[in-house]
Amino acid sequence: MTSVGLQIPAGLSFESWEKAGRQLSGILDSSAWWLGDWLVFGKKNYADRYQRVIRVAGLRYQTLRNYAWVARRFDLSRRRSKLTFQHHAEVASLPVEEQDRLLDQAEKSTWTTKQLRSAMRRGRARDSGERALVPVSSSLVLPNTKVVRWRAAADYVGLEFDRWVWSMLDRAAEEVLHEDEEPSLAS
């Protein structure tokens, strides 16, 4: 292994190749948690030097912000080791009880993140009778370039567009209403 690649021996068995893939996937998933926890710790303990170190880390601002946000939403005791970071990210904007219920079900049923998203959509459809949607305005006009960019971001993280928009608005509201808990990565 190097910082730019993985050299795989020519005669590697399928079983060894498969095991290596599982290990690499585990490292990738764990690193999201590790970076999130690192960011939360840094913000709490080194607020005066935090911004400079974040810039030096060389990772995308929004990626780091997402890692920290999810890490803050799940104490170590609530994280499911049998589920991925992305499973947790999918439910992070929900109330704690709902997060736990969905993650328990995902773990029990060995759901992929796509299956978890489907279950969430089914739940929203079922709940729609209880929680009616409220029109915000009679017309909301947005620049096409913004909508295209937002749709690309939603696609990138694997969320439906409306779910992504709601999630981002929830995050913005949380940041404004609980500024002291939100790690600010902006300069």
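Every value quoted in this text rests on a predicted model; they were computed, and no experiment measured them.
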S.K.: His87: which residues meet the side chain to side chain donor-acceptor pair (under 3.5 Å) condition with it, sequence neighbours left out?
M.R.: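 With neighbours one apart ignored, the set is Thr84.
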S.K.: Identify whether Trp34 and Val40 are in the same connected component of the hydrophobic contact network (ILVMFWY, side-chain heavy atoms under 4.5 Å).
M.R.: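 Per the 4.5 Å side-chain linkage, Trp34 and Val40 are not co-clustered.
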S.K.: Not counting sequence neighbours, which residues clear salt bridge (Lys or Arg N to Asp or Glu O under 4.0 Å) with Arg78? List them please.
M.R.: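 Arg78: salt bridge (Lys or Arg N to Asp or Glu O under 4.0 Å) contacts with Asp100.
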S.K.: Could you pull out the closest heavy-atom pair between Met120 and Glu90, with the gap in Å?
M.R.: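 Looking at all heavy atoms of both residues, the closest pair is CE-O, 3.2 Å.
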S.K.: So, Arg171 side chain and Ser93 main chain: donor-acceptor pair closer than 3.5 Å or not?
M.R.: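 Looks like no, no N/O pair under 3.5 Å.
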S.K.: Would Val96 and Val91 show up in the same hydrophobic cluster when neighbours are defined by side-chain heavy atoms closer than 4.5 Å?
M.R.: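 No; tracing contacts between hydrophobic side chains, which count when under 4.5 Å, never links both residues.
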S.K.: Check whether any side-chain heavy atom of Asp29 lies under 4.5 Å from a side-chain heavy atom of Gln86, and answer yes or no.
M.R.: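 Asp29 does not reach Gln86 side chain to side chain.
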S.K.: Before giving the answer on side-chain contact (heavy atoms from CB on, under 4.5 Å), spell out for Leu83 and Leu116 the whole-Å C-alpha distance, their side-chain angles and the decisive distance to 0.1 Å.
M.R.: CA-CA 11 Å; Leu83 298 176; Leu116 175 58; over 6 Å; no
S.K.: Would you say Leu169 ends up clustered with Phe161 if hydrophobic residues are merged whenever their side chains have heavy atoms under 4.5 Å apart, either directly or through other cluster members?
M.R.: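 Same cluster: Phe161 reaches Leu169 through Ile, Leu, Val, Met, Phe, Trp or Tyr contacts under 4.5 Å.
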S.K.: Treating Arg101 as the side-chain partner and Glu97 as the backbone partner, does any N or O pair qualify as donor plus acceptor under 3.5 Å?
M.R.: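 No, the answer is negative, given that no donor and acceptor are paired below the 3.5 Å cut-off.
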S.K.: Just to verify, what does Trp33 make a ring-ring contact (aromatic ring centres under 6.0 Å, His included) with, not counting sequence neighbours?
M.R.: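 Only Phe85, His88 meet the ring-ring contact (aromatic ring centres under 6.0 Å, His included) criterion with Trp33.
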S.K.: Is there a side-chain contact between Thr63 and Leu35 in this structure, where contact means two heavy atoms from C-beta onward sitting under 4.5 Å apart?
M.R.: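 No - every pair of side-chain heavy atoms lies 4.5 Å or more apart.
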S.K.: In a table with atom names and distances, give each donor-acceptor pair under 3.5 Å that connects a side chain of residues 7-21 to protein atoms at least two apart or in another chain.
M.R.:
residue: Ser13; atom: OG; partner: Ser16; partner atom: N; Å: 3.1
residue: Ser13; atom: OG; partner: Ser16; partner atom: OG; Å: 3.1

S.K.: Can you name the salt bridge (Lys or Arg N to Asp or Glu O under 4.0 Å) partners of Asp170, sequence neighbours left out?
M.R.: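 Listed in chain order: nothing, the list is empty.
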S.K.: Please check if the side chain of Ser30 supplies one atom and the backbone of Ile27 the other of a donor-acceptor pair under 3.5 Å.
M.R.: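 A pair under 3.5 Å: no.
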S.K.: Can you find a side-chain donor-acceptor pair between Arg121 and Ser118 that sits under 3.5 Å?
M.R.: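 Distance-only check passes for Arg121 and Ser118.
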S.K.: Looking at residues at least two apart in the chain, or sitting in another chain, which of them share a salt bridge (Lys or Arg N to Asp or Glu O under 4.0 Å) with Arg79?
M.R.: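 For Arg79 the salt bridge (Lys or Arg N to Asp or Glu O under 4.0 Å) partners, ignoring immediate neighbours, are Asp37.
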S.K.: First locate atom OG1 of Thr110, then atom CD of Gln105, and finally report the distance between them rounded to the nearest 0.5 Å.
M.R.: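 Here the interatomic distance stands at 10.0 Å.
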S.K.: Using 0.5 Å steps for rounding, measure from the CG atom of Asp162 to the OG atom of Ser167.
M.R.: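 Interatomic distance, Asp162 CG to Ser167 OG, rounded to 0.5 Å: 11.0 Å.
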S.K.: Which heavy atom of Gly36 sits nearest a heavy atom of Ala71, and at what distance?
M.R.: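 Closest approach of Gly36 to Ala71: C-CB, 3.7 Å.
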S.K.: Check the hydrophobic clustering (I, L, V, M, F, W, Y; side-chain heavy atoms under 4.5 Å; chains of links allowed) and say if Leu142 and Met168 are grouped together.
M.R.: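 Yes, because Leu142 and Met168 connect within a single hydrophobic cluster, where side-chain heavy atoms sit under 4.5 Å apart.
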